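Per chain, numbering begins at 1; letters A, B, ... match sequence-line order. Because the structure is predicted, anything quoted here is derived from the model rather than measured.
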Number of protein chains: 2
Amino acid sequence: MGIRIHDVAARAGVSVATASRALSGQRGVRAENREKVLLAARELDYEPNSLAAALRSRTTHTVGMLVPRISNPFFATLVEAVENRLQLGRRSLLLTSSHYDPEAEQSQVRALLDRRVDALVMIPCHRERSIEVMTTAAARVPVVQLDLRVNGFAGTWVGVDGEAGIAAVVHHLAGRGVTRTAFVGAEPTDSSSQERLDAYRRLAGGSVLLGDFSRDWGKEAAGRLLEAGSLPEGIVCGNDTIALGMLAELARRGVRVPEDVRVTGFDDIPYAELGQPSLTTVRQPQEQMAAEAVRVLAARLAGEEAPAQRIAISPSLVVRASG
Amino acid sequence: MGIRIHDVAARAGVSVATASRALSGQRGVRAENREKVLLAARELDYEPNSLAAALRSRTTHTVGMLVPRISNPFFATLVEAVENRLQLGRRSLLLTSSHYDPEAEQSQVRALLDRRVDALVMIPCHRERSIEVMTTAAARVPVVQLDLRVNGFAGTWVGVDGEAGIAAVVHHLAGRGVTRTAFVGAEPTDSSSQERLDAYRRLAGGSVLLGDFSRDWGKEAAGRLLEAGSLPEGIVCGNDTIALGMLAELARRGVRVPEDVRVTGFDDIPYAELGQPSLTTVRQPQEQMAAEAVRVLAARLAGEEAPAQRIAISPSLVVRASG
DNA sequence: CTGAAAGCGCTAACAC
DNA sequence: GTGTTAGCGCTTTCAG
């Protein structure tokens, strides 16, 4: 095969141990020798075999990430932010998706563990059924739950304060004189939908329609609200995807937004701004969430002992035309 | 640490060699022994160390993927499709992004190679400046270029036939009586923008505005076209993101689409349908592209010799309200 | 069909 | 500071 550390050491005229130390930037190597090693490595175009290093040192400098669906723009943004943060720490990202299937989730996590990831960033797909994966994973490596959270699992979670987000929306609508509202969300199979739904019920309490986090459901719900007779003054959607579907269908049926009804979303995905009208929504600070998640893991990997925490970042309301 | 293959072999009453063969599903093991090994592995909850296996066997069952930007919904969809295909073949995905920076691209690919990926799926960020990465990468492992392609690099590419896509759009517009058009695209720093621009010039030849593949540019271009005086009858956008920005800005300025001007996109990202009006665009069959890319790599890994190919999949026109 | 033994390329103990 | 040596846990000859 290619060049091995042995060759580099030979060329530099030192032992492999010294070469290894120099290459990995440890101190305890005479400056002169370090230079010689680095030079030899460059001259030989040495490519370290990180597999061998990982096998011996028991660290892969790789973090696994599991998301329900990569193409969901909200998750994709989170993946990007996590990857960016990992790059800064010279770690790599092993990415996999569960497709919202707890069984697949289990086997994907298993594959990540077989690959000896140092840590795991997980967006668990199910509020309850993901508990087993989380538990077995957390028994092996540091794990942080991102965005979504598993009921009854006592591990660190980093996400947004959903209740605060809904509160901001309700408050904002109230400030515009809107009191009669409806909530169009998703069946609470994950912690976000649960939290938003609970918050809405506690803070506003109009009628509630539950489906899934999809545009199609947003459209369907629009139809149902219209067919039910009197439209509410405000429609609080569980996320932006639903809200965009809602907006499209309302427009198609000639309902004016915000004149006839105000509509709000949640997440502030990139296309929220492009809705017609542009969407008033709750912004999740994804960069910050990802940074926090990676920071927590890095600290744990650096040997820091820390109890499980709930890191709830406050979202901000983005007021645009729709609400 | 945990259970090693040694323990499994001992429990099954066979040698580690036999255990290894049974676990990896090789034939040449007596059925009875295979059962015993599998049973022992299950009972002990054996987790194979794929690092050690990879070091010895020189295969990681891991594929690296490099994209310019993960959060771009078009690339995210591609990433998802590639990951799905890899899962089917029990391979993992090591994902990284270049942020459209050829230097970062270089170092990211290097990191992937250090991790001994079996193969690489690359969306090179630059039409010309990415040639060096591609060459060095291709010298080490099978590589396929996905979507974008590097000038003068003779490696396999899987993508869409951009010219055919533009032709479909131009033809469609012509069928609606639209002859005076403009093209709003991106500076041709990558092969797609180049190809679409060239195709437009060859097939239609109205005025051309070049920026980048962003909503903001779409908005700005809308302004420029309006300020230039007479609006064309049709605006062919280089991708959907530009088109959505265009649509938003035209609406803001009171220009009606498609009555006053027809607008088309390219890619058919998920939100194309949600534009107001919904966007007529060219659909890229991303599932198929990803499947093809992974298929090509798998074949190469299986030892199949094949010359570099250009696999151009025909896109389809999706006619919606805007055009 | 099975087992013994030799490494894959590196890092970490342990001596010096 | 530096070198020697012993593995990390697995797969793969090579004999039998």
Enquirer: Based on the rotation axes of five pairs at each end, what angle does the helix from dC1(C)-dG16(D) to dC16(C)-dG1(D) bend through, to 10°?
Expert: 30°
Enquirer: Cut-off 3.5 Å, side chains only: do Arg115(A) and Thr62(B) have a donor facing an acceptor?
Expert: yes
Enquirer: To the nearest Å, give me how far apart CZ (Arg116(A)) and C1' (dG9(D)) are.
Expert: 9 Å
Enquirer: Test Leu78(B) against every option in Asp147(B), Val121(B), Asn72(B) by the side chain to side chain contact (heavy atoms under 4.5 Å, CB included) rule and name the one that passes.
Expert: Asp147(B)
Enquirer: Ser191(B): which residues meet the side chain to side chain donor-acceptor pair (under 3.5 Å) condition with it, sequence neighbours left out?
Expert: none
Enquirer: Would you list the atom pairs, donor with acceptor, under 3.5 Å between side chains in residues 284-293 of chain B and any protein atom, with sequence neighbours excluded?
Expert:
{"from": "Gln284(B)", "atom 1": "NE2", "to": "Asp267(B)", "atom 2": "OD1", "distance (Å)": "2.8"}
{"from": "Gln286(B)", "atom 1": "NE2", "to": "Phe74(B)", "atom 2": "O", "distance (Å)": "3.0"}
{"from": "Glu292(B)", "atom 1": "OE2", "to": "Arg295(B)", "atom 2": "NE", "distance (Å)": "3.2"}
{"from": "Glu292(B)", "atom 1": "OE2", "to": "Arg295(B)", "atom 2": "NH2", "distance (Å)": "2.7"}

Enquirer: Quick one: which of dT2(C), dT11(C), dG9(D) gets closest to the side chain of Arg58(A)?
Expert: dG9(D)
Enquirer: In this structure, how many angstroms lie between the P atom of dC8(D) and the CZ atom of Arg115(A), rounded?
Expert: 23 Å
Enquirer: To the nearest angstrom, how far is Ile5(B) atom CD1 from dG7(C) atom P?
Expert: 20 Å
Enquirer: Any sub-3.5 Å donor-acceptor pair from Ser193(A)'s side-chain atoms to Asp190(A)'s backbone N or O?
Expert: yes
Enquirer: Salt bridge or not between Arg140(A) and Glu47(B)? Use side-chain N to carboxylate O under 4.0 Å.
Expert: yes
Enquirer: Please tabulate, for side-chain N and O atoms in residues 27-43 of chain B, each donor-acceptor pair with protein atoms closer than 3.5 Å (sequence neighbours left out).
Expert:
{"from": "Arg34(B)", "atom 1": "NH1", "to": "Gln26(B)", "atom 2": "O", "distance (Å)": "3.4"}
{"from": "Glu43(B)", "atom 1": "OE1", "to": "Arg11(B)", "atom 2": "NE", "distance (Å)": "2.7"}
{"from": "Glu43(B)", "atom 1": "OE1", "to": "Arg11(B)", "atom 2": "NH2", "distance (Å)": "2.9"}

Enquirer: Is the backbone N or O of Leu55(B) less than 3.5 Å from a side-chain atom of Arg58(B), with the two atoms forming a donor-acceptor pair by type?
Expert: no
Enquirer: Looking at side-chain heavy atoms only, is the closest gap between Thr96(B) and Met65(B) below 4.5 Å?
Expert: no
Enquirer: Which residues, if any, of residues 10-26 of chain B bring a heavy atom under 4.0 Å of DNA chain C?
Expert: Val14(B), Ser15(B), Ala17(B), Thr18(B), Arg21(B)
Enquirer: Contacts to DNA chain C from residues 33-57 of chain A, heavy-atom cutoff under 4.0 Å, which residues?
Expert: Tyr46(A), Pro48(A), Asn49(A), Ala52(A), Ala53(A), Arg56(A), Ser57(A)
Enquirer: Would the number of heavy atoms belonging to other residues, nucleotides or ligands and lying under 6.0 Å from CD of Gln87(B) be above 12?
Expert: yes
